[in-house]
Amino acid sequence: MQTVNTVIQGILLGGLFALFASGLSLAFGVMRIVNVAHGDFIVLAGYLVLVSVNETHINPFLTLVIVTPAMFVLGYVLQRGVLQFTLKGGVLPPLLVTFGMSVVIQNGLQQGFSADSQGFLAGGFATGSVTITRDIAVGWLPLTWFVVAIALLLALNALFENTSIGRGFRAAADDQETVQLMGIDHRHVYAMAFGIALATTGVAAVFLGLYTSFTPTSGPAQLLVAFEAVVIGGLGSLRGTLLGGIVLGIAFTLGEQIAPGWGTLSQHLVFLAVLAFRPTGLFSRQTREA
Amino acid sequence: MSLLRIESISSYYGDLRALSDVDISVEASETIAVIGANGAGKSTLLRSIMGLTTVRSGEIYFDEQPIRRLRTYERVRLGLALVPEGRHVFPSLSVEENLLMGAQRGRSGAWTIESIFELFPILQPRRRAAAGVLSGGEQQALAIGRGLAANPRLLMLDEVSLGLAPIVVRELYGALAQVSAAGTTVVVVEQDVQQAVRVSHRVYCLLEGRVSLSGPTSDIDLQRISAAYFGVSSAAG
């Protein structure tokens with residue numbers, strides 16, 4: 001019974017990992033770039049939430065009305081103004097440039113906010129739980145982020161499959177040059193994709209701050225989890241990203257059950273095993289058959 | 001008044017000059033064939049017209065408007081369309097989505113998704129199939145259909161017959177004849193000279209990045225073409 005509980009907690013934790021990973025997955029799926037600064041953008045969004053909460057004393061979730069569009073604009077501008085110029089030179093330039101962004105964000109935040117750890121308070125919501133059986137209790141907060149993660153990934157999936165901008169994303173991922181022959185400015189398509197990728201960091205940041213505390217240098221740890229979720233799920237597959245997050249979540253809680261502190265180790269071992277035996281990921285997107 | 005007028009353009013691949021002072025004009029509603037051996041600059045010419053390859057000197061006028069400094073997507077919105085060499089359909093998109101991509105930023109006109117399916121009936125039952133699983137002939141039909149979906153004033157096709165069975169090529173050119181009969185100006189790049197001569201009103205032959213021969217198809221015999229094609233006369237002289 002304890003193991004059932006552990007797996008359930010793992011699945012829910014996977015939702016949080018999937019939230020961290022969704023923007024990374026989207027940017028990779030469309031532009032084939034790994035945004036090394038993704039974790040730092042989550043933390044940056046966290047500080048935007050923090051400032052908004054301190055200024056207005058509203059619920060952290062409500063600040064997303066401001067933070068999400070702000071991160072979208074930042075993503076659009078960074079892609080159009082900086083990252084676009086790195087796309088022609090192979091895989092290395094985007095890695096180096098996003099690594100540079102990571103350094104800038106971390107040091108900028110240290111300068112502005114000091115290295116103190118920060119978090120959000122949500123009263124009983126963050127600690128309350130609902131008892132399902134005698135042995136299984138599910139926290140409201142994990143349940144919420146799990147539902148939000150599924151909703152977000154379903155929404156992104158619907159955007160990809162059912163809208164003209166999503167069709168443009170998929171076409172641009174297939175063939176950048178030919179998209180231009182369709183009368184479409186591929187730079188705009190990429191900027192929209194990166195804008196949406198960063199817009200997702202706002203939601204991830206609120207849950208990060210409710211779940212644990214963060215500092216200006218918390219980003220790389222979030223990136224690692226996100227990156228592992230994306231790779232386990234299969235690069236470029238949004239559905240895979242959710243499942244990859246869940247696999248990691250279960251690996252974490254089962255590892256913690258064996259011995260405290262083994263959660264992260266067991267996460268990385270699962271990741272290595274997938275890389276070794278199924279390097280394309282467990283749920284990689286294949287060309288749809290007729 | 002020419003629909004497309006190219007005035008002494010030169011294009012490069014790196015430091016290699018692929019086109020040298022090329023002059024070409026295309027009148028509205030006619031069909032032009034551009035022929036030449038491998039590496040003569042045919043594809044570079046079409047890519048230069050679309051802005052996919054940078055033109056270093058000269059000017060390109062489309063409907064009397066200079067377009068050399070416009071970006072590719074801006075040229076498409078003016079009514080230029082290219083069916084690229086190697087077809088380049090979007091493999092993960094369905095057949096219908098490929099056509100919608102073509103129509104998305106195109107002009108409005110007679111070509112709709114439905115009329116394209118009428119032109120290429122083989123695509124109709126594959127409507128929901130991923131373009132990546134189609135046969136070569138189906139992909140070429142789709143690439144042409146996608147080009148038409150934008151209702152272009154000038155449709156350019158690069159190596160339609162490449163790698164396809166003769167019967168498939170005949171069907172595709174049959175469809176193309178309907179397109180040109182409907183008033184669309186067409187430029188075809190072909191390695192198959194006889195095919196090119198059969199469909200076109202006028203021919204330009206490229207040799208090592210220069211126009212080596214041009215004129216109405218009816219005036220040109222195959223002997224002169226082969227001289228211009230292989231550069232025999234210049235080799236003798």
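Proteins get letters first, then strands, A, B, ... in listed order; numbering begins at 1 in each. The shown structure was predicted, so the numbers you read here are calculated from the model rather than taken from an experiment.
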Revision key, fill the gap. Output for pair (M182(A) CE, R105(B) CZ), nearest 0.5 Å, gives 13.0 Å
Review point. Is it true that atom CZ of R239(A) has more than 12 heavy atoms of other residues, nucleotides or ligands lying nearer than 6.0 Å?
Key: no
Study note, to complete from the structure: Honestly, the part of R107(B) sitting under 4.5 Å from a heavy atom of chain A is neither
**Study point:** side-chain contact (heavy atoms from CB on, under 4.5 Å) evaluation trace for H88(B) with E177(A)
**Key:** CA-CA 9 Å; H88(B) 285 272; E177(A) 190 173 88; 6.0 Å; no
Practice item. Any chance you could measure R87(B), atom CZ, to D175(A), atom CG, to the nearest 0.5 Å? Key: 13.5 Å
Practice item. State, yes or no, whether a side-chain contact exists between V179(A) and F90(B) at a heavy-atom distance under 4.5 Å. Key: yes
Review point. In terms of heavy-atom pairs under 4.5 Å with chain A, which of M50(B), Q104(B), E74(B), R75(B) leads?
Key: Q104(B)
Check your understanding: Non-hydrogen atoms of chain A under 4.5 Å away: do they reach the side chain of R146(B), the backbone, both or neither?
Key -> side chain
Review point. How about Y61(B): does its OH atom have over 12 heavy atoms from other parts shown lying under 6.0 Å from it?
Key: yes
Point to revise | Neighbour count above 12 (heavy atom, 6.0 Å) for R5(B) CZ | key: yes
Exercise for review: State, to 0.1 Å, how close Q180(A) and V76(B) come at their nearest heavy-atom pair, and which atoms those are.
Suggested key: O-CG2, 3.6 Å
Exercise for review: Could you grab the distance from atom OG1 of T72(B) to atom NE2 of H186(A), nearest 0.5 Å is fine?
Suggested key: 8.5 Å
**Study point:** Heavy-atom contact with chain A under 4.5 Å, split by part of L100(B)
**Key:** both
